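Down below is the structure, laid out as structure tokens.
When reading the values below, keep in mind they use all heavy atoms of this one structure, side chains included, and skip hydrogens, waters and symmetry mates. Quick caveat, the model's predicted, so the values are computed rather than measured. Chain A is the first sequence line, chain B the second, and so forth, proteins listed ahead of strands; every chain is numbered from 1.
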There are 2 protein chains.
Amino acid sequence: MKLTTRGRYAVMAMADLALFKDKGPTSLTDISLRQNISLAYLEQIFIKLKNKNLVRSVRGAKGGYVLQNSPDEIKISNIISAVDEEIKMLNCKKESKKGCNNKSTKCITHNLWDQLDQHINNFFEKVKLEDLVRKNQTLNK
Amino acid sequence: MKLTTRGRYAVMAMADLALFKDKGPTSLTDISLRQNISLAYLEQIFIKLKNKNLVRSVRGAKGGYVLQNSPDEIKISNIISAVDEEIKMLNCKKESKKGCNNKSTKCITHNLWDQLDQHINNFFEKVKLEDLVRKNQTLNK
DNA sequence: TTCAATTCCTACTGTTTTAGTCTGAATTAA
DNA sequence: TTAATTCAGACTAAAACAGTAGGAATTGAA
């Protein structure tokens with residue numbers, strides 16, 4: 001799991017979409033203004049979200065994007081991996097090509113990174129878009 | 001917690017040091033050969049480890065580096081943060097300067113990243129250098 | 001005393017990633 | 001027809017990353 005601001009923007013945008021999901025398609029212009037993210041950058045991000053079937057697009061005037069599933073079905077992990085590609089953050093690629101088999105001193109840290117990666121993935125697997133939106137609403141009270 | 005190969009190299013090198021700690025100072029040349037990390041790069045990394053008092057240096061011929069504490073007292077988190085500087089991986093800096101107070105939609109993801117960061121820190125807090133070395137030894141059986 | 005092994009110090013560099021920008025085309029509601 | 005939108009792809013500035021290079025200082029051993 002790679003973690004960049006692009007991933008964070010994606011989560012913010014999807015949360016925004018969730019908040020306004022009852023008002024028809026949400027345009028990127030709106031999200032751009034509300035979340036203060038450059039429109040052109042959002043466009044790039046949404047192409048990826050669309051390709052991964054997380055959102056559906058409505059073209060033309062009054063168009064925008066709509067969530068493909070309900071917020072309680074969308075995992076944060078899906079959003080992040082949609083825009084940030086790679087799942088593994090630090091792996092043993094080099095060593096594994098040279099025959100890393102978990103038995104050499106070189107790969108003494110192999111398991112450690114593996115476990116951490118599982119940890120992070122697990123964390124984002126548990127959190128749904130719905131959780132963020134709910135949290136935001138209570139915070140706004 | 002930022003996670004790069006530099007941090008991983010640092011952990012590998014420290015683990016190597018732990019494995020050979022009974023044989024006097026370990027030279028970077030040795031570590032370089034055993035762990036297959038460039039000597040010059042190791043030098044840079046060890047300057048930082050030394051500045052953070054994780055290792056002690058012995059200059060001159062037959063010199064090298066020695067762990068400052070016993071492996072069961074050295075947390076992985078200390079090693080990584082020593083060489084990778086930053087603790088926070090993704091924060092709300094921009095927004096916080098503009099008055100992010102956890103109440104705005106903009107910072108809807110604020111808590112999420114905070115929690116994740118705690119998660120990761122917590123993970124590396126629990127693991128000690130000793131754990132890696134022990135694991136390596138059993139794996140070598 | 002000399003030499004080789006070592007740490008120490010600092011500057012430089014090539015590559016990749018990141019976070020965008022820019023331009024323009026296609027689509028469609030009003 | 002027009003304005004609002006998505007779609008597409010090339011381009012770019014800056015930073016980070018991983019590593020190189022060159023040499024100075026220190027010190028154990030021959």
Convert the base pairs of DNA chain D into dot-bracket notation, remembering that pairs crossing earlier ones are written with [ ] and that bases paired across to another strand are shown as |; include only Watson-Crick or G-U pairs under 3.5 Å. ||||||||||||||||||||||||||||||
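- Annotation: side-chain contact (heavy atoms from CB on, under 4.5 Å) contacts of B:Gln44 (sequence neighbours excluded): B:Tyr41.
- Following rounding to the nearest Å, A:Ile45 (CD1) and D:dA8 (P) show an atom-to-atom distance of 16 Å.
- Residues satisfying the side chain to side chain donor-acceptor pair (under 3.5 Å) criterion with A:Gln118, sequence neighbours excluded, are absent altogether.
- Residues passing the side-chain contact (heavy atoms from CB on, under 4.5 Å) test with B:Asn51, sequence neighbours excluded: B:Ile47.
- For the side-chain contact (heavy atoms from CB on, under 4.5 Å) test, residues two or more places apart in sequence or in another chain that qualify with B:Asn53 are B:Gln68.
- The distance between atom CG of A:Asn36 and atom P of C:dA19, rounded to the nearest whole Å, is 15 Å.
- Between the CE atom of B:Met12 and the P atom of D:dA18 there is a distance of 13 Å, rounded to whole Å.
- We find that A:Asp16 and A:Arg34 are joined by a salt bridge, their nearest charged nitrogen and carboxylate oxygen being less than 4.0 Å apart.
- Among residues two or more places apart in sequence or in another chain, the salt bridge (Lys or Arg N to Asp or Glu O under 4.0 Å) test is passed with A:Glu43 by none.
- The salt bridge (charged side-chain N to carboxylate O under 4.0 Å, His left out) contacts involving residues 55-64 of chain B comprise nothing, where partners must be two or more places apart or lie in separate chains.
- Residue pairs meeting the ring-ring contact (aromatic ring centres under 6.0 Å, His included) criterion with at least one partner in residues 42-74 of chain B, sequence neighbours excluded, are B:Phe46-B:Tyr65.
- Under 4.0 Å is where a charged nitrogen must lie from a carboxylate oxygen, and between A:Arg134 and A:Asp131 at least one such pair does.
- Whole-Å rounding puts the A:Asp84 CG to C:dT17 P distance at 12 Å.
- If you take CG of B:Leu33 and P of C:dA5, they are 13 Å apart, rounded to a whole angstrom.
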Check the interface with nucleotides 1-3 of chain C: list each N/O to N/O pair with the protein under 3.5 Å, or write none.
none

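- The nearest whole Å value for the distance from the OH atom in A:Tyr41 to the C1' atom in D:dA8 is 17 Å.
- The nucleotide whose nearest atom lies closest to any side-chain atom of A:Arg6 is, among C:dA19, D:dA18, C:dT21, C:dA19.
- Sorted by first and then second residue, the salt bridge (charged side-chain N to carboxylate O under 4.0 Å, His left out) pairs involving residues 18-28 of chain B (not counting sequence neighbours) form an empty list.
- Mapped onto DNA chain C by nearest heavy atom, B:Ala40 and A:Ser38 fall at different nucleotides, with B:Ala40 at the one closer to the 5' end.
- For C:dT17, the OP1/OP2 oxygens have no side-chain nitrogen or oxygen of A:Thr4 closer than 4.0 Å.
- For A:Thr5, a side-chain nitrogen or oxygen approaches OP1 or OP2 of C:dA19 to under 4.0 Å.
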Can you pull every protein N or O that's under 3.5 Å from an N or O on nucleotides 6-9 of chain C?
from, atom 1, to, atom 2, distance (Å)
C:dT7, OP1, B:Leu28, N, 3.0
C:dT7, O2, B:Arg59, NH2, 3.1
C:dC8, OP1, B:Lys50, NZ, 2.7
C:dC8, OP1, B:Ser57, OG, 2.5
C:dC8, OP2, B:Tyr65, OH, 2.3
C:dC8, N4, B:Glu43, OE1, 3.1
C:dC8, N4, B:Glu43, OE2, 3.2

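- The interatomic distance linking A:Leu42 (CG) with C:dT21 (P) rounds to 10 Å, in whole Å.
- Note: CD (A:Gln44) to C1' (C:dA19) measures 8 Å, nearest angstrom.
- Annotation: side-chain contact (heavy atoms from CB on, under 4.5 Å) contacts of A:Glu73 (sequence neighbours excluded): A:Asn69, A:Ser70.
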